[in-house]
Participant: 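Below you'll find the structure I mean.
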Amino acid sequence: MSDDVKVVRSDEKERYEITVDGGVAGFAEFVLASPGRVIYPHTEIDPAYGGRGLGSTLVGEAMADEARRGDTVIPVCPFVIKYLKTHEVPGLNIEWRPRDVEVAEHAPTDEKHPGDEGVGDWRG
């Protein structure tokens, strides 16, 4: 079976969604902190799609889109933080919050057991 994987932004739901063969396999939520500043508090991949690298694909596409938009990303979700610490996203502006980075360093984000990967309070 060939998988058709797409990442789309849903402004109505305030999240990027990754679909596999037309079904939603996961999402990365975002919250507008102020004009041009976007918080990423939570990423989730359905366990049925785990272990396929979809979390990295989702976050990579979302961050590339944010870079094209010229927004500053405030990563709070440990998965997003770990992704940004290990992947270069050309043109992306990142506002690091030390407390969130510290929490992310100790949070499990293994895609083999996906689910509730957001840790911490995105409000500050």
Side-chain angles (χ1 to χ4, degrees):
M1 179 174 98
S2 166
D3 292 337
D4 179 28
V5 177
K6 294 181 181 166
V7 175
V8 296
R9 180 181 172 114
S10 172
D11 287 316
E12 299 79 33
K13 294 180 183 176
E14 295 186 315
R15 66 188 198 177
Y16 284 86
E17 296 176 336
I18 189 164
T19 61
V20 177
D21 295 329
V24 176
F27 56 87
E29 295 176 335
F30 61 84
V31 177
L32 184 63
S34 62
R37 294 176 63 239
V38 184
I39 296 171
Y40 277 80
H42 180 72
T43 301
E44 188 171 325
I45 298 295
D46 184 322
Y49 296 94
R52 298 169 55 182
L54 296 176
S56 294
T57 299
L58 169 62
V59 171
E61 292 290 325
M63 296 301 106
D65 188 51
E66 292 292 4
R68 286 188 294 273
R69 292 170 177 272
D71 290 338
T72 296
V73 168
I74 304 166
V76 175
C77 170
F79 191 87
V80 174
I81 290 170
K82 286 187 176 186
Y83 180 90
L84 291 173
K85 288 286 195 180
T86 58
H87 295 82
E88 179 68 28
V89 181
L92 183 65
N93 299 313
I94 304 169
E95 183 179 320
W96 297 104
R97 298 189 329 180
R99 178 182 55 90
D100 296 319
V101 172
E102 182 180 335
V103 169
E105 289 173 357
H106 302 289
T109 57
D110 187 351
E111 287 186 63
K112 292 181 183 136
H113 305 287
D116 183 16
E117 296 171 5
V119 176
D121 182 358
W122 59 267
R123 292 172 192 85

Participant: Apply side chain to side chain contact (heavy atoms under 4.5 Å, CB included) to Arg52 and Tyr49, showing your working.
Facilitator: CA-CA 7 Å; Arg52 298 169 55 182; Tyr49 296 94; 3.4 Å; yes
Participant: Locate the shortest heavy-atom distance separating Leu58 from Gly26; write the atom from each residue and the value.
Facilitator: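 In terms of heavy atoms, the two residues are closest at CD2-C, 4.2 Å.
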Participant: In the structure I gave you, are the side-chain heavy atoms of Phe79 and Ser56 within less than 4.5 Å of one another anywhere?
Facilitator: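 In short, these two side chains touch, coming nearer than 4.5 Å.
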Participant: Looking at every non-hydrogen atom in both residues, tell me the closest pair between Ala67 and Gly91 and how far apart they are.
Facilitator: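 Smallest interatomic distance, heavy atoms only, reads CB-C, 3.8 Å.
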Participant: Taking salt bridge (charged side-chain N to carboxylate O under 4.0 Å, His left out) as the cut-off, I'd like each qualifying pair that reaches into residues 25-42, sequence neighbours left out, listed once.
Facilitator: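 Sorted result for residues 25-42: Arg37-Glu95.
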Participant: Name the one of Val8, Thr43, Ile45, Asp46 that satisfies side-chain contact (heavy atoms from CB on, under 4.5 Å) with Ile18?
Facilitator: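 For Ile18, the side-chain contact (heavy atoms from CB on, under 4.5 Å) test succeeds with only one of Val8, Thr43, Ile45, Asp46, which is Ile45.
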Participant: By the definition side-chain contact (heavy atoms from CB on, under 4.5 Å), identify the one residue from Tyr40, Trp96, Phe30 that meets it with Val73.
Facilitator: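 For Val73, the side-chain contact (heavy atoms from CB on, under 4.5 Å) check succeeds only for Tyr40.
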Participant: Between Glu61 and Arg9, does the salt bridge (Lys or Arg N to Asp or Glu O under 4.0 Å) criterion hold? Intermediate values first, please.
Facilitator: CA-CA 10 Å; Glu61 292 290 325; Arg9 180 181 172 114; over 6 Å; no
Participant: What heavy-atom pair brings Ala25 and Val20 nearest, and what distance separates the two atoms?
Facilitator: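 Looks like CB-CG2, 3.8 Å.
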Participant: Rounded to the nearest 0.5 Å, what separates atom OG in Ser34 from atom CG in Asp71?
Facilitator: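 Those atoms lie 9.5 Å apart.
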Participant: Taking atom CD1 of Ile81 and atom CD1 of Ile74, what is their separation to the nearest 0.5 Å?
Facilitator: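 So the gap between those two atoms works out to 11.5 Å.
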Participant: Are Leu54 and Val24 connected in the hydrophobic side-chain network, where two residues link if heavy atoms are under 4.5 Å apart?
Facilitator: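 Hydrophobic grouping puts Leu54 apart from Val24.
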Participant: Closer than 4.0 angstrom, basic N to acidic O: yes or no for Glu66 and Arg68?
Facilitator: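 Here Glu66 does not pair with Arg68 in a salt bridge, since their nearest N and O are not under 4.0 Å apart.
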Participant: What about Phe27 and Tyr16, are their ring centers closer than 6.0 Å?
Facilitator: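 They do not qualify: ring centres at least 6.0 Å apart.
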Participant: For Lys6, what residues pass the side chain to side chain donor-acceptor pair (under 3.5 Å) criterion, not counting sequence neighbours?
Facilitator: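 In terms of side chain to side chain donor-acceptor pair (under 3.5 Å), with neighbours along the sequence ignored, Lys6 is linked to no residue.
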Participant: Nearest 0.5 Å please: distance from the CZ atom of Arg15 over to the CD atom of Glu44.
Facilitator: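 CD of Glu44 is found 8.5 Å from CZ of Arg15.
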Participant: Check for a donor-acceptor pair, side chain of Asp21 on one end and backbone N or O of Asp4 on the other, with a separation under 3.5 Å.
Facilitator: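 Side chain of Asp21 to backbone of Asp4, a donor-acceptor pair under 3.5 Å: yes, one is there.
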Participant: Do the non-hydrogen side-chain atoms of Leu92 and Leu84 ever get within less than 4.5 Å of each other?
Facilitator: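 Yes; the side chains approach each other to less than 4.5 Å.
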